[in-house]
Amino acid sequence: MLDTEPFERPRPTPQCLSEWALAKVALGTPPSDHLAGCAMCQKRLSELRAETAAAAWAPVPDALRCAAAPAGLMVRLRQKLGLWRSLAAAVPVAAAIFLFVRVPSAPPSPAPEVRPKGDAVIEATVRRDGAWLAQRTPVDRLPQLRTGDEMRLRIPEGRHAWVQLESWNGRAFENYFVGPRPPDGWLPVGIRLTESGQTKLRLRLCDKAPSQDAPTSRADCVTQTFAW
Amino acid sequence: METNELEAVYRRHLAMVRGRARRIVGDPATAEDLAQEAFMRWAQHRRRGRREDNTSAFLYRVVTNLALNHLRDKKRQRAILEENMPEPSADGTDPTDRPALRQVLGRVKKDHAEVAAYYYFDGLDQEEIAELLDVPRRTIGRRLERFRAHARRLLEAQPRSLRHA
């Protein structure tokens, strides 16, 4: 059958083990008889074992830890991730947590309430009724938003390595994401506008993570508050 | 879920999951993202109180489906089409027809593409695929035959865009 195959197959010989079979051996399944006498399979198995060993100390991403964290509001919201599957193809992210915020009854105020000199331009991608309303658009240039719009925020590469995103719950700001800037810049938080009222988000960007021993100075951080 | 279990599953399977994604999509950065997404799906699965019989097989199937979804994305298909140069693998052993295979996988029925991805990217035989997907071997054979027929039609219809000299 090999001469009729439209594409090549990676097995050096028909007797050789598939990648899946070799992966299982690398993970601890007892090896087959063929493996003992096949230099090619042994070589590939050595490579797979080396790769597995190298991953033994890989740091577990924060987004994954969040996904596995105890249940609560975050979990219920994160299950909305499916709505963002198409975005994930263009903008891969490890996780998304939906934050329900309010949409304005009045026209949006496009500019942030606070924008210190030298702050970063925050980008947003917005989806409405399954179609893209804006993609990687500076937040202060977004079109008017309405109930049902879904938004993701991105921090472009720059000097800011640490991010804190908070949402106004009517009484105080609540934390929704705190941690290092994701490598691709996309915050693992999805925002869905659900009801009338005012939406307020506060974003704090710092050069490094604040610590109790050495609190980050104001000069090291910029804070922006967005209201719609 | 215990943090220890999360770390153990992640570290134990990361190389396999990432490698699987890498073979299908070609791009290491995309493969990394897809691998992370696969672990997210696993965490969600556990959070819903479900337990898989075989975690390795679960992750292997999930990352395969995520990678195939990536190939099916229309914008991505255009990008693949523009990749007219063969992609050398790290060890130089990847066949040069992978971009064409990716292009075809993005255009055929998903259950046919799934079987073909196991068969052509990882060299699984039909029995292995049947066991992994819990589908009769005869069904796997039929899907593979349909994939081959579809692939040949596409290759004949668009030789310049799908084939490599």
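Each chain gets a letter, A, B and so on, in the order the sequences are listed, and its residues count up from 1. Since the model is a prediction, treat every value here as computed from it, not as a measurement.
Residue A:Ala21 touches chain B through both its backbone and its side chain, counting heavy-atom pairs closer than 4.5 Å. When heavy atoms are compared at a cutoff of 4.5 Å, B:Leu144 does not approach chain A at all. Of the atoms belonging to B:Tyr118, not a single heavy atom falls under 4.5 Å from chain A. For B:Ala35, no part sits under 4.5 Å from any heavy atom of chain A, backbone or side chain.
A:Leu64 and B:Phe39 make their closest contact through CD1-O, 3.4 Å (heavy atoms, listed as atom of the first residue, atom of the second, distance). Considering every non-hydrogen atom in both A:Leu27 and B:Arg12, the closest pair reads O-NH2, 2.7 Å. Nearest heavy-atom pair across B:Gly123 and A:Ser18 is O-CB, 3.3 Å.
Comparing A:Pro59, A:Ala26, A:Ala53 by heavy-atom pairs within less than 4.5 Å of chain B, the highest count is held by A:Pro59. Ranked by heavy-atom pairs shorter than 4.5 Å toward chain A, the options B:Leu132, B:Leu124, B:Leu66 are led by B:Leu124.
For CD of B:Glu52, the number of neighbouring non-hydrogen atoms (other residues, nucleotides, ligands) closer than 6.0 Å is greater than 12. Counting heavy atoms of neighbouring residues, nucleotides and ligands inside a 6.0 Å radius, atom NZ of B:Lys110 exceeds 12 of them. The 12-atom threshold is exceeded at CD of A:Gln42, counting heavy atoms of other residues, nucleotides or ligands nearer than 6.0 Å.
Atom CD of A:Glu5 and atom CZ of B:Arg152 lie 7.5 Å apart (nearest 0.5 Å). In this structure, the separation between CZ on B:Arg98 and CD on A:Glu8 is 6.5 Å, given to the nearest 0.5 Å.
Using a 4.0 Å cut-off between charged side-chain N and carboxylate O, B:Glu128 and A:Arg11 make a salt bridge.
For the pair B:Arg11 (side chain) and A:Ala55 (backbone), a donor-acceptor distance under 3.5 Å is absent. Side chain of A:Arg9 to backbone of B:Tyr119: a donor-acceptor contact under 3.5 angstrom is found.
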Go through the steps for A:Thr52 and B:Met16 under the test side-chain contact (heavy atoms from CB on, under 4.5 Å), then give the verdict.
CA-CA 7 Å; A:Thr52 303; B:Met16 179 196 77; 6.0 Å; no
Worked verdict on A:Phe7 versus B:Leu105 for side-chain contact (heavy atoms from CB on, under 4.5 Å):
CA-CA 11 Å; A:Phe7 300 104; B:Leu105 287 173; over 6 Å; no
Between B:Tyr60 and A:Trp20, is the side-chain contact (heavy atoms from CB on, under 4.5 Å) condition met? List the steps.
CA-CA 8 Å; B:Tyr60 197 70; A:Trp20 170 233; 3.4 Å; yes
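A:Pro10 is not listed as a side-chain neighbour of B:Asp122, based on a closest heavy-atom distance of 4.5 Å or more.
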